[in-house]
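Reckoned from all heavy atoms, side chains included, excluding hydrogens, waters and symmetry mates. Note that this is a predicted model, so its numbers are computed, not measured. Note that the numbering runs from 1 along the sequence shown for the chain.
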Amino acid sequence: MSGAHEIVFPRPVLIGAAALLSATIVLATMGGHGALDLTMTRDTLRSEIVDSIDVRFLDREDGAVVVLAAEETGGGADDATVMVLDPGTAGFVRGLMRGLVRERRQNGIGAEPPFRITQWADQRLSLADTATGRTIVLDAFGATNAGVFADMLAAASTNQGGQK
């Protein structure tokens with residue numbers, strides 16, 4: 001009168017699960033040790049720069065975000081306003097910048113170094129953190145999201161009389 005029953009799990013399912021787990025561990029290890037190139041660099045883009053601008057993002061008390069053209073003097077009163085993102089708008093920009101600023105804080109970097117928006121000859125648009133070296137190809141997030149940064153670049157060009 002044994003109450004124990006042998007539970008048989010299908011062998012192909014176990015083999016598939018083991019293979020998936022092994023592949024995940026191998027790929028994670030390769031990425032962590034640099035065997036896989038998971039970063040975006042100037043060489044990765046393999047294109048010429050068409051236009052770029054260094055910008056800073058300033059949070060206002062009313063919830064707006066002010067985008068400033070970063071002057072080479074280190075910022076401050078000389079920075080020209082490129083655009084103002086009203087409260088409740090530009091969620092992609094806010095989320096992206098929140099993540100980049102968090103990374104800066106973890107590395108003990110302040111708000112002084114600018115971010116660089118670049119338009120490449122192959123039509124891609126990127127945002128680079130000049131302090132950490134991280135570059136994000138904005139087109140990967142869709143035309144609407146990248147378009148906000150393209151508008152910043154265009155507004156900066158207009159504000160500077162087309163001279164970069």
Side-chain angles (χ1 to χ4, degrees), residues 24-25 27-164:
T24 302
I25 291 170
L27 290 174
T29 303
M30 289 174 63
H33 292 295
L36 295 176
D37 185 12
L38 302 175
T39 60
M40 182 60 58
T41 64
R42 170 80 166 82
D43 292 335
T44 306
L45 290 169
R46 299 199 194 293
S47 184
E48 296 298 317
I49 295 173
V50 173
D51 199 3
S52 73
I53 185 166
D54 288 352
V55 294
R56 290 188 178 83
F57 296 85
L58 174 68
D59 289 324
R60 286 195 327 208
E61 287 185 23
D62 66 356
V65 174
V66 181
V67 182
L68 302 168
E71 296 296 325
E72 292 181 22
T73 58
D78 294 335
D79 290 352
T81 300
V82 172
M83 75 172 38
V84 177
L85 305 173
D86 293 325
T89 65
F92 173 71
V93 174
R94 292 168 189 271
L96 183 62
M97 297 314 301
R98 194 175 301 120
L100 292 172
V101 169
R102 182 181 319 116
E103 181 179 7
R104 281 185 172 190
R105 267 193 222 119
Q106 290 173 344
N107 291 309
I109 302 169
E112 295 79 27
F115 294 91
R116 182 167 295 134
I117 302 170
T118 304
Q119 178 70 58
W120 300 90
D122 63 4
Q123 302 305 310
R124 286 188 281 182
L125 192 67
S126 66
L127 176 69
D129 185 341
T130 62
T132 65
R134 178 175 301 252
T135 300
I136 299 167
V137 177
L138 298 166
D139 304 281
F141 298 97
T144 303
N145 290 326
V148 178
F149 287 93
D151 292 345
M152 290 177 201
L153 190 60
S157 295
T158 302
N159 291 346
Q160 295 179 0
Q163 296 178 356
K164 300 238 74 163

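One distance of note links CG of Leu125 with OG of Ser52; it measures 10.5 Å at 0.5 Å rounding.
With a 4.5 Å cut-off on side-chain heavy atoms, Thr118 and Thr135 do not count as touching. You'll find the side chain of Asn145 stays beyond 4.5 Å of the side chain of Leu96, heavy atoms only. Using a 4.5 Å cut-off on side-chain heavy atoms (C-beta onward), Phe115 and Thr130 make no contact.
For the side-chain contact (heavy atoms from CB on, under 4.5 Å) test, residues two or more places apart in sequence or in another chain that qualify with Asp54 are Ala70, Pro114, Arg116. Take Arg104 and apply the salt bridge (charged side-chain N to carboxylate O under 4.0 Å, His left out) test, not counting sequence neighbours, and it matches Asp129. Asp139 pairs by the salt bridge (charged side-chain N to carboxylate O under 4.0 Å, His left out) definition with nothing, not counting sequence neighbours. Legend: residues meeting side-chain contact (heavy atoms from CB on, under 4.5 Å) with Asp151, ordered by chain and number and at least two apart, are Met83. Considering only residues two or more places apart in sequence or on other chains, Val93 meets the side-chain contact (heavy atoms from CB on, under 4.5 Å) condition with Phe57, Leu85, Ala90, Met97, Val148, Phe149, Met152. Among residues two or more places apart in sequence or in another chain, the salt bridge (charged side-chain N to carboxylate O under 4.0 Å, His left out) test is passed with Arg60 by Asp62.
Screening residues 85-103 for side-chain hydrogen bond (donor to acceptor under 3.5 Å, both in side chains), with sequence neighbours left out, gives Glu103-Arg134.
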